Amino acid sequence: MGDVNRENQGRTSMSTPLVDGLTVSEAAGDDVKKTSRDQREALPGEPICVVCGRYGEYICDQTDSDICSLECKQTLLGRAADTHLPVGHPLPKRLAATDECFYVRDSESPLTSDQTELLRRKLEIHVKGDSVPDPILSFSSCNLPEKLLHNIQTLGYDMPTPIQMQGIAAALTGKSLLASADTGSGKTASFLVPVVSRCATFRHGNLSKSKKPLAMVLTPTRELCIQVEEQAKLLGKGLPFKTALVIGGDAMPRQLYRIQQGVELIVGTPGRLIDLLAKHDIELDDIMILVLDEVDCMLQQGFRDQVMQIFRALSQPQVLMYSATMSQEVEKMASSMAKDLIFVSIGQPNRPSKAVKQLAIWVESKQKKQKLFDILMSKQHFLPPSIVYVGSRIGADLLSNAITVTTGLKALSIHGEKSMKERREIMKSFLVGEVPLVVATGVLGRGVDLLGVRQVIVFDMPNCIKEYVHQIGRASRMGEDGTSIVFVNEENRNLFPDLVEVLKSSGAVIPRELVNSRYVKRSFPMGKGQRKRKYGS
Ligand code: ADP
Ligand code: MG
């Protein structure tokens, strides 16, 4: 076989027969990359896999094509069988896998199953469940009402993000869904587009005068509810689609009146909603979609009973559940709430957004304030608008005052003890740039879209690593670059192993004190020079 020279160049034919149909390198075990995801991107000038565009480390003997893994070899050979084209012949309209926007194409024609698989692989879309539909390639390809499409365009959403591609397709089938994707990756529209579409279509085709609510979105914080409702209004503009916001801190009679006037969607926090339902007769039997945003938080103790109470008051709606972080327990609970669930995850769950550059600094508790002031007074390190996360309401008030006194910067605090009016005003002045810095508790930790924020400083490490992932996620929306700084010391030792994992997975530097801590298992990767060489001399 004529591949020896290539092996000498460090690449291997995948089909040098050995035993039982295995080839030399396949038999060598871990040397052969099993899936395309295991393979790295190709460097300039390197051979690229003809199927997915990653590093074409191997050569497929039957086709003589460069290939990255066993998976792509299968795809390549299967492709030839499917299309009856000569082996190795490229498919018509093949996706240009190295092009970032490779899914922008004539999106009206359906993808072949190979192309769907390739697309999912490229965008790291993982799915589980029966009859999962193909991802949509454009908003216009899934029969949305004209006005909704227009509103999507007005918002400037030219293309669906990966979670929207798969999430919208799945939700439009009417099946329940558990989905995870990075912070800032467009999950809100991923559930709101199907919600608006299904509600508007239902009203349009239903002659009954009844205006009972058709959908409900539950989120853990008032701020997030406000944002979700705002986005729902924008998406539903001009359609039979009205919304009601049901959150604590706002007057209940007004909320009730609005629902009684007839709305399609209720957005609320579980506590206030239960209060409202207990005191007033609100008919929920037409609700066909229940959304749990930040589902892992919603199904945690504290919220879980309230959520289940609301769920039991509904008549088996479609349930759409979303978060950037997941756990097996959440998956189990979700499965018990809905039959025939579709699971979608984009990238690796529970990992922070890759767009956020993390810095962990070892700082003893007594020095944290001074360290923060140093950062805020440094032109190089302070990158406003910024959010500083602290662990307590009083801590937020004290620290924001201390910042203003010491550094002269205008800083405001936001937490659950402030009135809704105050919270709204603070958010507004922060978002329009009047205030460069907000000191917040967890009320701003999850889901809230703080456009423009490029820096998060985690002053007090939260109690759980997932909250950390959500907090630093505020520094990046839609993959834009952001930075985060976290202060750690021995008091956070419970989280050391998880924090090290998260920092390691993002390629961030791990502070020496953390590396040497007895609370961390030694599992650091070998340095560059120590790495095992795969091929070649
Ligand atoms: P997540 O819920 O995943 O944390 P959001 O739904 O808050 O993220 O979206 C983050 C930002 O991305 C928002 O400002 C939103 O308007 C914007 N966005 C969402 N979908 C798209 C899209 N398809 N194209 C451009 N921007 C989008
Ligand atoms: Mg969100």
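Predicted, not measured: the structure shown is a model, and the values here were computed from it. Atoms within a ligand are numbered from 1 in the order they appear, just like the ligands themselves.
- Nearest non-hydrogen protein atom to atom 17 (C) of ligand 1 is Met478 CG, 3.7 Å.
- Under a 4.0 Å criterion applied to the non-hydrogen atoms of Thr188, ligand 1 contributes the atoms 2 (O), 5 (P), 6 (O), 7 (O).
- Only one option out of Asp296, Ile465, Val330, Val295 pairs with Thr325 in a side-chain contact (heavy atoms from CB on, under 4.5 Å); it is Asp296.
- When His470, Lys187, Gln227 are ranked by how near their heavy atoms come to atom 3 (O) of ligand 1, first place goes to Lys187.
- Ion pairing of Asp293 with Lys187 is absent here, as no side-chain N (NZ or NE/NH1/NH2) approaches a carboxylate O to less than 4.0 Å.
- Of the protein's heavy atoms, Gln164 NE2, 2.8 Å lies nearest to atom 20 (N) of ligand 1.
- Under a 4.0 Å heavy-atom criterion, Ile163 is not in contact with ligand 1.
- Applying the 4.0 Å criterion to heavy atoms of Asp182 picks out, from ligand 1, the atoms 3 (O).
- Protein heavy atom closest to atom 13 (C) of ligand 1, with residue, atom name and distance, is Asp449 OD2, 2.9 Å.
- Of all protein heavy atoms, the one lying nearest to atom 15 (C) of ligand 1 is Tyr157 OH, 3.3 Å.
- One side chain, Asp38 or Thr35, offers a donor N or O that lies under 3.5 Å from an acceptor on the other.
- Of the polar atoms of Gly186, at least one N or O is found under 3.5 Å from an N or O of ligand 1, judged by distance alone.
- Residues Glu124 and Lys354 are paired through a salt bridge, judged by an N-O separation under 4.0 Å between the basic side chain and the carboxylate.
- In the vicinity of Thr183, heavy-atom distances shorter than 4.0 Å reach the ligand 1 atoms 4 (O).
- In this structure, Ala181 does not count as a contact residue of ligand 1, since none of its heavy atoms falls inside 4.0 Å of the ligand.
- Atom 23 (N) of ligand 1 has Met159 O, 2.8 Å as its closest protein atom, hydrogens excluded (heavy atom only).
- Residue-ligand proximity, Ser185 to ligand 1, at heavy-atom distances under 4.0 Å covers atoms 1 (P), 3 (O), 8 (O).
- With respect to the salt-bridge test (charged N to carboxylate O, under 4.0 angstrom), the residues Lys410 and Glu434 do not qualify.
- Residues Leu341 and Met321 are in side-chain contact: their nearest non-hydrogen atoms beyond the backbone lie under 4.5 Å apart.
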